[in-house]
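Encoded as structure tokens, the structure appears first; notes follow it.
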Amino acid sequence: MLQGVERQIFMKILFTGGRAPATLELARNFGRQGWEVHVADNISPVLPEFSRYTKAYHLIHSPRFAETLFVADLIQIILKHNIDVLFPTCEEIFWVSKNKRQIQESCEARILCDDLEKLALLHNKYRFMMFAREEGILAPETDLWTGVNILGRKSVIKPIFSRFGEDVTILEAGENVYDERTHNILQEYIEGESVCSYGFADKGSLKFNVCYRSPLKTHTAFTAFDPLICSTIDEIVSGVVAKMSFTGNIAFDFIEMNGEYYVIECNPRLTSGIHTLCYNDFPQLFFGSGQEQLYLNKAQLLVPTLVTELRLLFYKDVIYDPRDLRPFSKQVSCLNLFRSRAREHGISLTKATVFDIEWNGEDMPR
């Protein structure tokens with residue numbers, strides 16, 4: 001279908017999740033390679049909306065709060081613009097996957113995501129830990145939270161479905177803990193350095209994978225990305241996608257301790273690791289033979305790094321591009337949208353970025 005894409009064959013691609021800087025990275029790269037780029041989200045403004053490489057920006061309904069209309073919007077865009085590839089980037093991927101059959105029956109676009117059952121297994125932090133340990137992958141001991149516990153070791157409590165390190169509580173050994181929150185896990189705390197991976201698989205074959213860490217000491221989402229080579233992680237990721245015959249974007253969080261890598265969680269979607277690959281040809285990377293040499297670079301979200309870390313890193317800024325300046329000039333406006341939504345709903349800024357697209361296992365067993 002799209003295997004062995006030739007450079008002269010330009011296609012039409014629709015990225016959902018336009019709010020993510022990673023989506024801007026995709027839009028620019030595919031656009032530079034001659035593809036017709038469409039971007040959609042249920043909010044405005046978003047960064048790709050202002051990119052010279054975006055053919056059209058489409059305002060659609062929220063998948064979480066208007067699922068039926070969200071699906072209808074996607075089908076209409078695909079049919080009207082003869083879209084060849086639908087590429088979900090953020091958590092709307094779960095809603096796309098849930099309705100994948102309906103979309104496929106209505107149009108011929110290739111949808112870059114796997115079935116919901118697979119995505120749910122990877123997204124569910126308890127089920128994925130059980131899967132990892134069954135497969136012999138090094139992982140912390142994990143149990144469902146019962147509400148009351150006397151901790152025998154340093155531990156982490158976090159929701160089964162969570163993101164950006166939100167709602168994570170670290171507790172010392174010996175603490176008598178009572179927490180009424182439901183749908184949480186209790187996980188052994190692993191002391192070490194965070195390392196992430198991001199890759200793409202096609203029918204169980206890992207086409208590419210990049211590992212990266214943050215040069216900043218942070219327990220929340222990274223704002224700077226320093227790539228590294230790690231064959232151990234590559235082998236783990238390759239083994240998981242082969243076992244599941246997985247297709248799509250796939251990302252993992254690890255803790256490195258004494259040279260060993262403990263898998264902590266999985267995100268079956270696009271992540272910021274894509275920024276370390278910006279000098280590659282993305283159409284070839286995703287749809288080519290899968291044997292291209294990877295060119296890796298250090299990257300950062302300059303403004304968040306300056307604001308939250310008070311650090312100036314000499315890394316490539318994700319947003320600034322002298323060939324495409326408007327997204328850089330509009331990023332404060334885009335950020336203010338989330339600030340306004342955070343105040344309106346009484347939630348954190350990071351939660352405000354996803355609360356209208358997040359998927360927390362609706363209609364699936366926990």
With a 6.0 Å cut-off on ring centres, are Phe87 and Phe286 close enough? yes

Salt bridge or not between Glu67 and Lys98? Use side-chain N to carboxylate O under 4.0 Å. yes

For the pair Arg110 and Asp84, evaluate salt bridge (charged side-chain N to carboxylate O under 4.0 Å, His left out) and give the outcome as yes or no after the intermediate values. CA-CA 6 Å; Arg110 180 183 178 186; Asp84 298 296; over 6 Å; no

Taking Thr89 for the side chain and Leu270 for the main chain, is one N or O donor matched with an acceptor at less than 3.5 Å? no

Is there a side-chain contact between Trp145 and Ile157, using heavy atoms and a 4.5 Å cut-off? yes

Applying side-chain contact (heavy atoms from CB on, under 4.5 Å) between Ser197 and each of Asn209, Leu228, Asp234, report the one that passes. Asn209

Would you sort out whether Phe70 and Trp95 count as a side-chain contact (heavy atoms from CB on, under 4.5 Å), showing the intermediate values? CA-CA 9 Å; Phe70 166 77; Trp95 303 99; 4.0 Å; yes

Can you check whether Tyr261 reaches Thr232 side chain to side chain, under 4.5 Å on heavy atoms? yes

What closest approach, in Å, do Asp226 and Pro215 show between heavy atoms, and which atom pair accounts for it? CB-CD, 4.4 Å

Quick one: is the NZ or CZ of Lys154 closer than 6.0 Å to the six-membered ring centre of Tyr189, and within 45° of its axis? yes

Taking His58 for the side chain and Leu74 for the main chain, is one N or O donor matched with an acceptor at less than 3.5 Å? no

Do Leu121 and Met244 come close enough that some side-chain heavy atom pair is under 4.5 Å? yes

The single option from Asp321, Asp324, Thr23 that satisfies side chain to side chain donor-acceptor pair (under 3.5 Å) with Ser51 is Asp324

Can you give me the closest heavy-atom contact between Ala299 and Tyr315, atom names plus distance? O-CD2, 3.5 Å

Please state whether the rings of Phe355 and His345 are parallel, tilted or perpendicular, taking 30° and 60° as the class boundaries. tilted

Short side-chain to backbone donor-acceptor contact, Asn124 and Arg127, under 3.5 Å: yes

Can you list every pair that meets side-chain hydrogen bond (donor to acceptor under 3.5 Å, both in side chains) and has a residue in residues 236-254, with sequence neighbours left out? Tyr198-Asn249

Answer yes or no: is there a donor N or O on one side and an acceptor on the other, between the side chain of Thr142 and the main chain of Pro140, under 3.5 Å? yes

For the ring pair His38 and Phe15, is the centre-to-centre distance below 6.0 Å? no

Checking Asp281 against Arg32 for the salt bridge (charged side-chain N to carboxylate O under 4.0 Å, His left out) test, could you report, in this order, the C-alpha distance in whole Å, the side-chain angles of both residues, the deciding distance, and whether it holds? CA-CA 9 Å; Asp281 178 332; Arg32 283 195 295 267; over 6 Å; no

Should Glu188 and Arg153 count as an ion pair when the cut-off is N to O under 4.0 Å? no

Test Arg163 against Glu91 for salt bridge (charged side-chain N to carboxylate O under 4.0 Å, His left out), laying out the working first. CA-CA 10 Å; Arg163 47 208 59 84; Glu91 277 202 35; 2.3 Å; yes

Correct closest heavy-atom pair for Lys158 and Val168 would be CB-CG2, 3.8 Å

Pairing of Arg64 and Glu92 as salt bridge, 4.0 angstrom limit: no

Answer yes if the ring centres of His275 and Phe225 are under 6.0 angstrom apart, and no otherwise. yes

Could you walk me through whether Gln300 and Asp317 pass the side-chain hydrogen bond (donor to acceptor under 3.5 Å, both in side chains) test, one step at a time? CA-CA 5 Å; Gln300 67 174 323; Asp317 180 31; 5.9 Å; no

Testing the basics here: between Thr353 and Thr350, what is the closest heavy-atom pair and its distance to 0.1 Å? OG1-O, 2.5 Å

Are Trp35 and Phe287, when compared by the centres of their aromatic rings, separated by less than 6.0 Å? yes

In terms of relative ring orientation, are Phe161 and Trp359 parallel, tilted or perpendicular, with 30° and 60° separating the classes? perpendicular

How far apart are the closest heavy atoms of Val39 and Ala27, and which atoms are they? CG2-CB, 4.4 Å

Would you call Arg19 and Asp41 a salt bridge, taking side-chain N to carboxylate O under 4.0 Å as the test? yes

Between Ser44 and Glu49, is the side-chain hydrogen bond (donor to acceptor under 3.5 Å, both in side chains) condition met? List the steps. CA-CA 8 Å; Ser44 177; Glu49 189 175 350; 3.0 Å; yes

